[in-house]
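Have a look at the structure below before the remarks.
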Amino acid sequence: MSSTSNYSTPPCAACKFLRRKCLPSCVFAPYFPPEEPIKFTTVHKVFGASNVSKLLNEIQPHQREDAVNSLAYEAEARLKDPVYGCVGAISVLQRQVLRLQKELDATNADLMRYANNNNNNNNNFQYGRRMVNSGYYNYSSAWNNGISGGHNNIGTDNCDGGR
């Protein structure tokens, strides 16, 4: 008695789920490998094996992988949200992007205010002082304190506003 070795490839996830023989011409085999049974199960629950088979036979072979990936994504989304599916997920993400954009705009505005305040403080410190007889005279503080009102204080030796 001779022993024949019958090495065959395992059936694709679709044929295994549908309990049928996986033929070499199986339209599901390239897109639903036996290692990913959940992928076909979710697609089958939402769209049905017959509809998926018809769809794959009607489109060009180079488009089939993208179609199967889209079906799998939509099927997962439909199981999570039966009413809106992936549109619901997209809406949630769009609202999140808008909220984050508003938050980013507010943070950038705060950053600009901080930078402007910091620059103004640095400018007052660096450019708002003049050396007067080996001392410093701060024009901005003199102006703010009303010292320079009506008096020409530039170049005076005393810092009390010439009074």
Side-chain angles (χ1 to χ4, degrees), residues 1-129 136 138-146 148:
M1 191 155 137
S2 82
S3 167
T4 60
S5 58
N6 187 8
Y7 291 105
S8 65
T9 59
C12 69
C15 290
K16 187 173 182 179
F17 181 84
L18 298 171
R19 296 182 182 172
R20 66 183 188 191
K21 186 174 181 179
C22 192
L23 301 174
S25 62
C26 177
V27 72
F28 296 121
Y31 313 107
F32 298 103
E35 303 85 38
E36 298 178 21
I38 303 295
K39 183 177 180 180
F40 180 77
T41 304
T42 56
V43 170
H44 174 66
K45 281 181 186 176
V46 175
F47 298 107
S50 178
N51 290 331
V52 175
S53 174
K54 287 177 191 175
L55 177 85
L56 291 177
N57 285 321
E58 289 177 4
I59 62 175
Q60 298 293 319
H62 69 275
Q63 295 174 323
R64 290 178 182 168
E65 185 175 358
D66 290 335
V68 167
N69 289 335
S70 295
L71 289 172
Y73 182 80
E74 177 64 27
E76 276 188 43
R78 285 280 169 189
L79 290 177
K80 291 178 184 174
D81 185 356
V83 176
Y84 294 108
C86 68
V87 174
I90 291 169
S91 296
V92 167
L93 292 173
Q94 285 177 333
R95 284 193 303 269
Q96 185 178 8
V97 166
L98 288 174
R99 183 180 53 80
L100 291 171
Q101 185 63 48
K102 287 179 184 179
E103 187 178 326
L104 180 63
D105 292 343
T107 302
N108 283 336
D110 289 343
L111 185 60
M112 291 300 290
R113 277 194 297 275
Y114 174 76
N116 286 337
N117 285 342
N118 199 19
N119 284 340
N120 288 340
N121 289 340
N122 286 341
N123 288 343
N124 286 340
F125 181 74
Q126 293 173 354
Y127 303 111
R129 295 175 186 243
Y136 285 99
N138 189 336
Y139 292 114
S140 63
S141 65
W143 179 264
N144 291 336
N145 292 332
S148 62

>> When you compare the side chain of Lys39 with that of Asn69, does any pair of heavy atoms fall below 4.5 Å?
In response: yes
> From Arg20 CZ over to Cys26 SG, what is the distance, rounded to the nearest 0.5 angstrom?
Replying inline: 6.0 Å
>> Taking atom CD as the centre, does Glu36 end up with more than 12 heavy-atom neighbours from other residues, nucleotides or ligands that are less than 6.0 angstrom away?
In response: yes
> Would you say Arg64 and Ile59 make side-chain contact, with heavy atoms under 4.5 Å?
Replying inline: yes
> Nearest 0.5 Å, what's the CG-CZ distance between Leu56 and Phe32?
Replying inline: 6.5 Å
> How about Leu55 and Phe47: do any of their side-chain heavy atoms sit closer than 4.5 Å?
Replying inline: no
> Between Ala77 and Cys86, which heavy-atom pair has the shortest distance, and what is it?
Replying inline: CB-N, 3.3 Å
> Do you know the tightest heavy-atom contact between Pro33 and Ala13?
Replying inline: O-CB, 3.4 Å
> So, does Asn57 use its side chain to make a donor-acceptor pair with the main chain of Ser53 at under 3.5 Å?
Replying inline: yes
> Can you name the side chain to side chain contact (heavy atoms under 4.5 Å, CB included) partners of Val46, sequence neighbours left out?
Replying inline: Ala75, Arg78, Leu79
> Atom CG of Asn51 and atom NE2 of His44: how far apart are they, to the nearest 0.5 Å?
Replying inline: 10.5 Å
> So, for Phe28 and Ala49, which heavy atoms are closest and what is the spacing to 0.1 Å?
Replying inline: CZ-O, 3.5 Å
> Do you know which two heavy atoms are closest between Gly85 and Glu74, and how far apart they sit?
Replying inline: CA-OE2, 4.0 Å
> If you round to the nearest 0.5 Å, how far is CD of Gln101 from CG of Asp105?
Replying inline: 4.5 Å
With a 3.5 Å cut-off and sequence neighbours excluded, list the donor-acceptor pairs that the side chains of residues 93-100 form with protein atoms.
none

> Excluding sequence neighbours, so at least two apart, what forms side chain to side chain donor-acceptor pair (under 3.5 Å) with Glu103?
Replying inline: none
>> Quick check: closest heavy atoms across Pro10 and Pro34, and the distance to 0.1 Å?
In response: CG-CG, 4.0 Å
>> Ignoring hydrogens, what is the shortest heavy-atom contact between Cys15 and Pro11? Give both atom names and the distance.
In response: CB-CB, 4.2 Å
